[in-house]
Amino acid sequence: MADITKRSEDYSRWYQDVIREAELADNSPVRGCMVIRPNGYAIWENIQATLDKRFKELGHVNAYFPLLIPKSFLAKEAEHVDGFAKECAIVTHHRLKQVTRDGKVDLIPDPDSKLEEEYIIRPTSETVIWDMYRKWIQSYRDLPILINQWANVMRWEMRTRMFLRTTEFLWQEGHTAHATEKEGRDETLQMLETYRWFAEDILAMPVITGTKTANERFAGAVETFSIEAMMQDNKALQAATSHDLGQNFAKAFDVKYQPAEGKVDYVWATSWGMSTRIVGSLIMVHSDDDGLVLPPKIAGTKAVIVPIWKSDEEKAAVCEAAQKLAAELRPVIGPVHIDDRDNLRPGWKYSEWERKGVPLRLELGPRDLAGESVMLKARHDRAKNIVPFADVVAGVQAELDRIQQDLYDRAKQRMVENTHVIDSWDQFTDLFENKDGGFAMAHWCGDGTCEQTVQDKTKATIRNIPFERDETKGECVHCGNESIGRVVFAQGY
RNA sequence: CGGGGCGUAGCGCAGUCCGGUAGCGCAACGGCUUUGGGAGCCGUGGGUCGCAGGUUCAAAUCCUGUCGCCCCGACCA
């Protein structure tokens with residue numbers, strides 16, 4: 001069996017190896033696109049289920065807007081065009097024509113089917129949605145609108161990486177409309193907090209919440225907020241964003257409402273999203289040289305039972321016990337798999353389920369049966385525990401809780417250890433050029449040109465201006481001017 | 001789009017410099033023995049050598065073109 005490259009040898013190759021070995025995804029015939037395999041899709045389904053439930057608890061409803069967007073829509077919001085025009089796929093024809101060339105049948109776009117107005121494949125849906133909101137909103141009684149959609153989008157990237165940046169990806173995009181500026185801002189921050197909760201409590205991925213700088217703001221937003229996580233190679237990854245769109249889209253699409261009192265005004269907007277990219281970060285935060293590691297709360301399979309036997313009699317007894325255990329566990333912890341394949345030995349099965357990231361393994365052989373107990377083995381730290389049958393549900397539940405917490409603690413500790421207070425340009429360049437990188441908490445003057453220069457010199461960008469930070473003024477780490485306080489610099493994905 | 005690397009069996013690779021008609025490990029299939037950390041032995045099947053041209057008696061190997069993947073840039077989040 002093919003081995004997995006060690007993280008220390010080649011991080012990027014390790015990442016690809018883990019995806020292949022855990023059967024999360026495969027390359028597609030189309031450049032830059034990926035096939036998400038059942039093991040990978042199960043993770044995404046759990047992400048969807050958990051987030052969707054939470055969104056609905058917060059009053060949101062789901063809807064679906066079309067994949068194709070009239071080209072003219074994109075042009076309506078000046079900054080938005082600027083941000084996305086360069087990476088749009090365009091539909092120009094609606095029919096193919098068979099032609100024969102050198103005796104071979106080929107298909108070409110039928111010149112007679114050229115579209116009068118061309119369509120773009122959505123890179124995001126603000127424009128279609130706001131075109132519809134114009135029709136749906138007349139008065140303050142129509143507000144707020146709190147719509148979310150689960151969809152695919154396309155951004156024609158030059159360089160792609162599995163999950164992290166693919167030409168087509170899956171995501172949810174929330175689009176809300178409000179009567180007041182404050183309501184819009186509150187919604188933006190509430191959704192950012194939702195993402196923080198999801199990343200930390202469900203994915204066991206510690207994040208830094210904060211405001212994006214003007215340079216990094218979403219095209220068309222007044223303010224963009226993000227959660228930023230640290231990967232095991234010390235690079236940062238933006239795990240989700242939430243945008244306060246102000247009245248920019250309302251103005252571009254002429255969406256006005258009649259307030260209870262006073263004159264007609266433009267409505268206030270937000271949008272927020274999390275994509276399949278989060279699966280990439282999940283892989284990179286927790287996994288090790290043996291393969292995928294997943295926190296129990298998001299794993300498709302929570303536990304696998306490996307029955308061990310020699311004779312047919314033992315097989316029957318052990319498998320029956322495994323069925324009983326699984327039946328007890330499933331209603332409490334969720335999916336439990338029994339691996340009773342008889343063509344593989346237990347050792348093979350152990351390593352296979354380890355590669356695939358199942359958080360907990362239950363080993364059940366004749367010795368366990370005799371002792372009326374089962375052996376638990378945790379994926380992430382290899383800890384063994386023997387639990388009596390009588391306590392198995394509580395024991396497994398406790399172990400899953402411990403794994404979840406441990407993964408968070410481990411990731412948090414790594415983030416803390418690799419976050420440095422940096423006070424000079426020498427230290428700054430040393431960190432990113434000679435040392436291991438990580439997060440640099442450094443003073444910044446607030447100037448975008450200065451920020452860009454730092455990026456050009458070191459590849460480090462301002463990930464965000466953290467909510468919780470040292471606001472004491474100082475000297476900008478690069479230009480020496482008075483700072484707005486410390487911000488997080490890091491090299492990012 | 002620029003620089004570098006790589007495409008040979010399901011996976012990982014050797015063979016390419018120096019042309020002679022394709023091999024190794026794992027996996028698969030059959031059999032026997034096995035089964036508490038990647039089982040052993042015997043046997044079997046599987047590849048238009050990324051694709052298309054060209055040179056040659058002969059091309060995985062040399063030449064040209066092309067497609068794809070990976071890394072570094074540019075681009076993007």
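Throughout, protein chains are lettered first and strands after them, A, B, ... in sequence-line order, and every chain is numbered starting at 1.
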* To do: Could you tell me whether A:Lys315 contacts a base, only the sugar-phosphate backbone, or nothing, with contacts defined as non-hydrogen atoms closer than 4.0 Å?
  => nothing
* d(CH2, A:Trp348; P, B:C26) in whole Å -> 12 Å
* Pair of N/O donor and acceptor under 3.5 Å linking B:G37 base with A:Glu352 side chain -> no
* Structure fact -> Assign each of A:Gln16 and A:Arg382 the nucleotide of RNA chain B bearing its closest heavy atom; nearer the 5' end lies the nucleotide of A:Arg382
* Hunt down the Watson-Crick or G-U wobble partner of B:G45, both distances under 3.5 Å, from any strand shown, or write none. => none
* To do: Establish whether the base of B:G36 is bridged to the side chain of A:Lys310 by a donor-acceptor pair shorter than 3.5 Å.
  => no
* What are the two closest heavy atoms between A:Phe65 and A:Gln149, and how far apart are they? -> N-OE1, 2.8 Å
* Asked: Which part of the nucleic acid, if any, lies within reach of A:Asp342 when heavy atoms closer than 4.0 Å are counted: base, sugar-phosphate only, or nothing?
  -> nothing
* Select base, sugar-phosphate, or nothing to describe what A:Arg361 touches, counting heavy atoms under 4.0 Å on all strands. => base
* Rounded to the nearest Å, what distance is computed from the NZ atom of residue A:Lys349 to the P atom of nucleotide B:A27? -> 15 Å
* To do: May I have all residue pairs that pass side chain to side chain donor-acceptor pair (under 3.5 Å) and include part of residues 370-383 of chain A, sequence neighbours excluded?
  => A:Asp288-A:Arg379, A:Asp290-A:Arg382, A:His380-A:Asp406, A:Asp381-A:Arg402
* Structure fact -> Between CG of A:Asp312 and P of B:U33 the distance, given in whole Å, is 12 Å
* Whole-Å distance separating the OH atom of A:Tyr350 from the P atom of B:U35 -> 13 Å
* Can A:Arg361 be said to sit on top of A:Tyr350's aromatic six-ring, NZ or CZ under 6.0 Å from centre and within 45° of the ring axis? -> yes
* Asked: Any N or O donor-acceptor pair linking the side chain of A:Asn27 to the base of B:G68 at under 3.5 Å?
  -> no
* Asked: How is A:Gly32 classified with respect to the nucleic acid when contacts are heavy atoms under 4.0 Å: base, sugar-phosphate, or nothing?
  -> sugar-phosphate
* To do: Would you mind classifying the nucleic acid contact of A:Glu23 as base, sugar-phosphate or nothing, using non-hydrogen atoms under 4.0 angstrom?
  => nothing
* Asked: Are side-chain N/O atoms of A:Glu187 and A:Thr270 paired as donor and acceptor at under 3.5 Å?
  -> no
* Asked: Between the side chains of A:His478 and A:Lys457, is a donor N or O closer than 3.5 angstrom to an acceptor N or O?
  -> yes
Tabulate protein N/O versus nucleotide N/O from nucleotides 74-77 of chain B, keeping only pairs under 3.5 Å, one per line.
from	atom 1	to	atom 2	distance (Å)
B:C76	O2'	A:Glu157	OE1	3.4
B:C76	O2'	A:Glu157	OE2	3.2
B:C76	O2	A:Arg165	NE	3.0
B:C76	O2	A:Arg165	NH1	3.4
B:C76	O2	A:Arg165	NH2	2.8
B:A77	O2'	A:Gln238	NE2	3.3
B:A77	N1	A:Tyr493	O	3.2
B:A77	N3	A:Tyr493	O	2.7

